[in-house]
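What follows is one structure encoded as structure tokens, with my remarks underneath.
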Amino acid sequence: NLSEKLNKTFARLRGRGRVTEADMDAALREVRLALLEADVNFKIVKDFVARVREKALGVDVLESLSPDQQVVAIVHDELTELLGGSAQRINYSSQGPTVIMLAGLQGTGKTTTCAKLAAWLKRSGKKPLLVATDIYRPGAIKQLQTVGAQVGVPVFEMGTNPPPQIARAGLKYAGEHAHDVVIIDTAGRLHVDEAMMQEARDVQDAVNPHEVLLALDAMTGQDAVNAASAFNETVRLSGVVLTKLDGDARGGAILSVRAVTGVPVKFVGVGEKLDALEEFHPDRMAGRILG
Amino acid sequence: SMSGRKLDEEMLEELEEQLVMSDVSIDTAGHLISGLREAARRGEVPTDEDAIQALQDGVASLLGSGDRPLRFAADGITVWLFVGVNGVGKTTSVGKLAHKLSQQGRKPLLAACDTFRAAAIEQLQEWGRRADAPVVAAQSGADPAAVAHDAIAAARSRGRDIVLIDTAGRLHTKSNLMNELSKIARVTERELGRAPEETLLVLDASTGQNGLTQAQSFAGSAPLTGLILTKWDGTAKGGIILSVARETGVPVKLIGVGEKADDLIAFNPQKFAEEMFS
Ligand SMILES: Nc1nc2c(ncn2[C@@H]2O[C@H](COP(=O)(O)OP(=O)(O)OP(=O)(O)O)[C@@H](O)[C@H]2O)c(=O)[nH]1
Ligand SMILES: Nc1nc2c(ncn2[C@@H]2O[C@H](COP(=O)(O)OP(=O)(O)OP(=O)(O)O)[C@@H](O)[C@H]2O)c(=O)[nH]1
Ligand SMILES: [Mg+2]
Ligand SMILES: [Mg+2]
């Protein structure tokens, strides 16, 4: 892992006498490799390593007794700070139902996450309603109805009517039936599919969600920033749900997404079961990315 | 910035960056760039255009020859098994293939061996209707190996000539699920009297370095005969398949380019390499 590699790098260097700035570059190469292996975006890695270098030289790491441990600590702290530090809670409505919309690329875990969120909110005393707007994928509505039933949350659907219309009707239904949270599941879509991105925008405009959450698969590679930026430009995102974190992907894509869009992680998906939703811990994520 | 410019170290760095941005591993990118640097020393790539062409050829040659059609049984029933982690496009790929097979005059039968996920069976049944292929399923929670066994028996008794087995998405880190997959593969092989003609790992083109781990892990549970790379209609380049090719030798056979029945094309290494640099 990175700690061991830096230990080796500095141990080898220290054997030759005083540690120099060139030696720092060797250490930073290891940091760069670790981040790229973890799927952090190439450009973000460049900026990040430059920041670490500045900080390390600033605190005179090279004079320290254990420069390897100091560099790891700086990297870890910088990662933690980048990943965390902003509103990670749901912004509830001050009047009328809170509307939460899930969006993202195909297969990232939106439908499953909608049910997990519904269960989470129900446990905290809310009365959520799920709304099915994926009118394309075979069995999508049935899937949401099935997981909705599994967590005891009703599902509003209107067949294959236009998604903005379904969303609007779902919000109206929520108001009439004392639901204080509306969770809107949307179809997976490519950020390069103009018609589908417009549809997402139309759903947002129809119901003005208090939260628009991007479901991001933890195993996503360099393309994560392209998709996240495009989604953020079309439907202003308020948060990310990082899914499938129970796998062994390092998850560096989240660093890139956070760095480029500024959007915070609000939840993490850690399994297929409907109770597998947890709060995000930036320091744990930093450790995971570093391997 | 490319027009007869001489190949220099800065250009090599730019090309390496482009590879990494396409999810090619550092290791494989380094390997390709070293090869290019050697070619440059021998005077074989005077300009940047030569360099890009040489790199494309390097990528294509890593991926092997493009002519790997899916295999059919010489006699008896053909079986193709579809495996992979959650959400990558297994069920959709099964549906697309079933549709194509029916169009070709074959008689596919679909085995709904995802007995776990909500509405997985319904999703496959809809694809069965589109492809005009019967679907063998059991109740939710049934043993997937038993469903596979029953599907092959059903194909025989109903005169179907090819069985496509859809399995549940599973993370390779879950040993109980990987054991379940081994069992499905074993029972299938026992019922057939031979290994399935194809065991296809489905990989999402937007997957990062974890894609290699997925391939290595799944290969440990069932001998893989091919890869299907899905969602190549997005902006992700799918460069992880270069590492998978180098480390496992499993050939890419098909590429998913959309969500409709016709959106599955044969893998073409040259075209894939060109796309990586476009
Ligand atoms: N292991 C694991 N699997 C997950 C997690 N979240 C979702 N899944 C699985 O990922 C697969 C895809 O989940 P879906 O909820 O259907 O994804 P989706 O984004 O709604 O898919 P589309 O609507 O087709 O875009 C399913 O097999 C889920 O069970 C998670 O946190 N961990
Ligand atoms: N754009 C695009 N979407 C695809 C492609 N292949 C599959 N999809 C979409 O990806 C999502 C997931 O597809 P599924 O077939 O349900 O994936 P799966 O691997 O069976 O998922 P699980 O069974 O839950 O593990 C669906 O929304 C599909 O329409 C492709 O080639 N391109
Ligand atoms: Mg869905
Ligand atoms: Mg499936």
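Worth saying up front: this structure is predicted, and the values here are computed from it rather than measured. Order of the sequence lines sets the chain letters (A, B, ...), proteins ahead of strands, with each chain counted from 1. Just so you know, these numbers use all the heavy atoms, side chains as well, and skip hydrogens, waters and symmetry mates.
Looking at N226(A), the atoms closer than 4.5 Å to chain B (heavy atoms on both sides) all sit in the side chain, from C-beta outward. For D233(B), the parts lying under 4.5 angstrom from a heavy atom of chain A are both the backbone and the side chain. For Q214(B), the part lying near chain A is the side chain, with the backbone staying farther off; criterion is any non-hydrogen pair under 4.5 Å. With a 4.5 Å cut-off on non-hydrogen atoms, S25(B) does not touch chain A at all.
The closest side-chain heavy-atom distance from K43(A) to E17(B) is below 4.5 Å. With contacts defined as side-chain heavy-atom distances shorter than 4.5 Å, the pair D248(A)/H172(B) qualifies.
Of the listed residues H191(A), E37(A), E272(A), the one with more heavy-atom pairs under 4.5 angstrom with chain B than any other is E272(A). Options V192(A), T112(A), T220(A) differ in how many heavy-atom pairs under 4.5 Å they form with chain B, and the most are formed by T220(A).
Legend: residues meeting side-chain hydrogen bond (donor to acceptor under 3.5 Å, both in side chains) with Q209(B), ordered by chain and number and at least two apart, are absent. In terms of the side-chain contact (heavy atoms from CB on, under 4.5 Å) criterion, N179(B) has no residue partners (sequence neighbours excluded).
Within the model, atoms OG1 of T243(A) and CG of N86(B) stand 9.5 Å from one another, a figure rounded to the nearest 0.5 Å. Here OG1 of T207(B) is found 9.0 Å from CG of D39(A). Values are rounded to the nearest 0.5 Å. Within the model, atoms CD of Q106(A) and OG1 of T92(B) stand 9.5 Å from one another, a figure rounded to the nearest 0.5 Å. Residue K260(B) holds its NZ atom at 11.0 Å from OH of Y136(A), rounded to the nearest 0.5 Å.
Minimum heavy-atom separation, G221(A) to D23(B): CA-OD1, 3.4 Å. Closest approach of V147(A) and A118(B) over heavy atoms only: CG1-CB, 3.6 Å.
Of residues 44-53 of chain A, those residues lying under 4.5 Å from chain B by any heavy-atom pair are K46(A).
Although no hydrogens or angles enter the test, the distance criterion places no donor-acceptor pair under 3.5 Å between the side chain of N210(B) and the main chain of M219(A).
The number of heavy-atom neighbours closer than 6.0 Å to CD of E194(A), taken from other residues, nucleotides and ligands shown, is 12 or below. Counting heavy atoms of neighbouring residues, nucleotides and ligands inside a 6.0 Å radius, atom CZ of R37(B) exceeds 12 of them.
Salt bridge annotation for D246(A)-K174(B): present, with a cationic side-chain nitrogen under 4.0 angstrom from a carboxylate oxygen.
Side-chain atoms of T235(B) and D223(A) include a donor-acceptor pair closer than 3.5 Å.
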Show me the donor-acceptor pairs within less than 3.5 Å that the side chains of residues 138-145 of chain A make with the rest of the protein, sequence neighbours left out.
from	atom 1	to	atom 2	distance (Å)
K142(A)	NZ	E122(B)	OE2	3.1
Q143(A)	OE1	R137(A)	NH2	3.4

